[in-house]
Amino acid sequence: MRNIGIVGDGETDRAIFEKFIQCVLLNGTFNTTSFNICKLSRQTVRDYVDRYWKSATRSQNYYLPSEPASELQNNITNTLVAAFSDFETEVGIGELSNRDILLITTDAEKSLSSPEDYFKDWSFSISKIFMGAIDKFYALKSREGYPCQYLPVLLSLVCFPSSEVFVAAAKEPPIQYYGKKPKELKQLLYGTDDLRRLRDQDFEEKALNYITPDSVDRIFSYVPESRLFIQMLSLGKHGVDRPE
């Protein structure tokens with residue numbers, strides 16, 4: 001059994017990434033009984049990210065060691081510490097290993113006008129801050145005496161403007177989402193920008209059903225921020241248990 005913990009802004013975000021992670025790891029080969037998915041809903045980083053954007057934009061300094069970036073990094077590290085504790089509680093103290101995955105993800109709530117915009121200072125910086133926070137988490141756990149084999153693989157993902165880009169890119173042909181604000185993208189995909197009004201069945205039909213092993217390559221091609229995430233997940237395919 002492989003454990004996967006997901007920290008996200010909301011229930012739909014966590015559902016999208018639960019399905020996506022399974023598709024990358026399964027690749028049509030293994031069954032879902034190999035997974036124990038833990039949606040760690042007590043943790044979120046939405047407010048921290050909003051505060052970072054406001055402060056960093058005001059100072060026009062998005063990178064470490066600026067004060068906005070340092071504050072965000074520390075808040076993400078603290079969230080990871082709390083999420084790891086929740087994850088351990090869900091799975092069992094001492095049961096986690098480096099075969100397990102803990103994903104922390106958030107919506108940037110900012111649109112890109114083209115794929116190249118992802119690599120601009122203001123957008124690319126936040127992914128680096130999250131990666132730095134992961135480094136700090138491992139440093140803390142190392143000092144506490146945790147050996148590497150008892151810590152999960154930590155992955156981070158910031159989506160521009162939201163996790164709906166995975167759904168847009170999964171469709172065939174993919175929906176062009178660049179330049180669209182988060183509410184515009186939700187309206188385009190779901191017919192509403194208030195997901196509380198979307199029935200579970202409608203969300204499955206309009207979102208989750210498009211995320212399949214076959215659509216992973218389209219997402220890789222159309223969503224720049226997905227690429228490192230997909231490759232890191234792909235490295236862990238060998239750790240999935242085969243069904244008996």
Side-chain angles (χ1 to χ4, degrees), residues 1-9 13-30 32 34-40 43 45 49 64 72-73 76-77 79-81 83-84 87 91 96-108 112 115 118-119 123-142 146-160 162-163 165-167 169-170 211-241:
M1 179 68 69
R2 189 169 205 185
N3 302 296
I4 299 173
I6 303 175
V7 177
D9 293 332
D13 299 299
R14 291 188 288 271
I16 286 170
F17 290 113
E18 174 184 351
K19 181 72 180 294
F20 184 74
I21 289 171
Q22 288 181 351
C23 287
V24 175
L25 293 178
L26 293 170
N27 197 27
T29 304
F30 306 109
T32 55
S34 300
F35 297 96
N36 173 35
I37 304 287
C38 301
K39 299 176 185 177
L40 305 174
Q43 310 301 331
V45 297
V49 171
L64 292 165
L72 177 60
Q73 185 185 64
I76 299 303
T77 299
T79 301
L80 286 170
V81 170
F84 174 76
F87 199 15
V91 172
L96 287 174
S97 75
N98 56 8
R99 296 175 66 256
D100 302 318
I101 293 171
L102 175 57
L103 167 67
I104 183 168
T105 182
T106 191
D107 294 344
L112 305 177
Y118 174 69
F119 299 99
S123 49
F124 196 56
S125 60
I126 194 167
S127 296
K128 297 300 184 184
I129 293 167
F130 270 67
M131 291 176 69
I134 289 173
D135 282 343
K136 289 189 70 174
F137 169 86
Y138 283 130
L140 286 170
K141 290 303 172 185
S142 176
Y146 278 85
C148 62
Q149 61 266 34
Y150 293 112
L151 291 171
V153 175
L154 267 62
L155 302 177
S156 63
L157 180 63
V158 180
C159 298
F160 291 86
S162 65
S163 60
V165 297
F166 276 66
V167 179
I211 300 175
T212 67
D214 290 337
S215 68
V216 169
D217 281 342
R218 286 196 296 279
I219 294 170
F220 183 89
S221 177
Y222 283 89
V223 184
E225 59 267 38
S226 76
R227 293 167 188 159
L228 179 60
F229 177 52
I230 290 172
Q231 294 301 86
M232 292 297 290
L233 281 175
S234 297
L235 286 174
K237 282 183 181 179
H238 67 278
V240 181
D241 297 319

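The side chain to side chain donor-acceptor pair (under 3.5 Å) check on Tyr118 picks up Ser127, with sequence neighbours excluded. Every residue two or more places apart in sequence or in another chain that forms a salt bridge (charged side-chain N to carboxylate O under 4.0 Å, His left out) with Glu18 is listed here: Lys39. Among residues two or more places apart in sequence or in another chain, the ring pair (Phe, Tyr, Trp, His ring centres under 6.0 Å) test is passed with Phe20 by Phe166, Phe229.
Although no hydrogens or angles enter the test, the distance criterion places no donor-acceptor pair under 3.5 Å between the side chain of Thr106 and the main chain of Val45. Checked by atom type and distance alone, the side chain of Thr77 pairs as donor or acceptor with a backbone atom of Ala133 at under 3.5 Å. A donor-acceptor contact shorter than 3.5 Å is absent between the side chain of Ser221 and the backbone of Asp217. Ser142 contributes no side-chain N or O that, together with a main-chain N or O of Tyr138, makes up a donor-acceptor pair within less than 3.5 Å. When atom types are taken as modelled, the side chain of Lys19 and the backbone of Ile211 share a donor-acceptor pair closer than 3.5 angstrom. No donor-acceptor pair closer than 3.5 Å links the side chain of Thr105 to the backbone N or O of Gly8. With hydrogens and angles ignored, the 3.5 Å screen pairs a side-chain donor or acceptor of Arg2 with a backbone N or O of Arg99. Using modelled atom types, no side-chain atom of Ser215 and backbone atom of Arg218 make a donor-acceptor pair closer than 3.5 Å.
In this structure, CG on Leu157 lies 12.5 Å from CE on Met232, to the nearest 0.5 angstrom. Note that CD1 of Ile104 is 9.5 Å distant from CG of Asp9, once rounded to the nearest 0.5 Å. Remark: Leu96 CG to Asn3 CG distance equals 6.0 Å, nearest 0.5 Å. Ile230 contributes atom CD1, which lies 11.5 Å from atom CG of Leu155 (distance to the nearest 0.5 angstrom). A distance of 10.5 Å separates NZ of Lys128 from CG of Asp135, quoted to the nearest 0.5 Å. In this structure, the separation between CD1 on Ile16 and OG on Ser163 is 3.5 Å, given to the nearest 0.5 Å.
The shortest side-chain heavy-atom distance between Leu140 and Phe84 does not fall under the 4.5 Å cut-off.
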Report task. Starting from the C-alpha separation in whole Å, work towards a yes-or-no answer on side-chain contact (heavy atoms from CB on, under 4.5 Å) for Ile21 and Ile37. Result -> CA-CA 10 Å; Ile21 289 171; Ile37 304 287; 5.7 Å; no
Query - From CA spacing to verdict: side-chain contact (heavy atoms from CB on, under 4.5 Å), Val49, Leu72 - result: CA-CA 7 Å; Val49 171; Leu72 177 60; 4.3 Å; yes
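For Tyr222, the OH atom is loosely surrounded, since the number of other residues' heavy atoms within 6.0 Å does not exceed 12.
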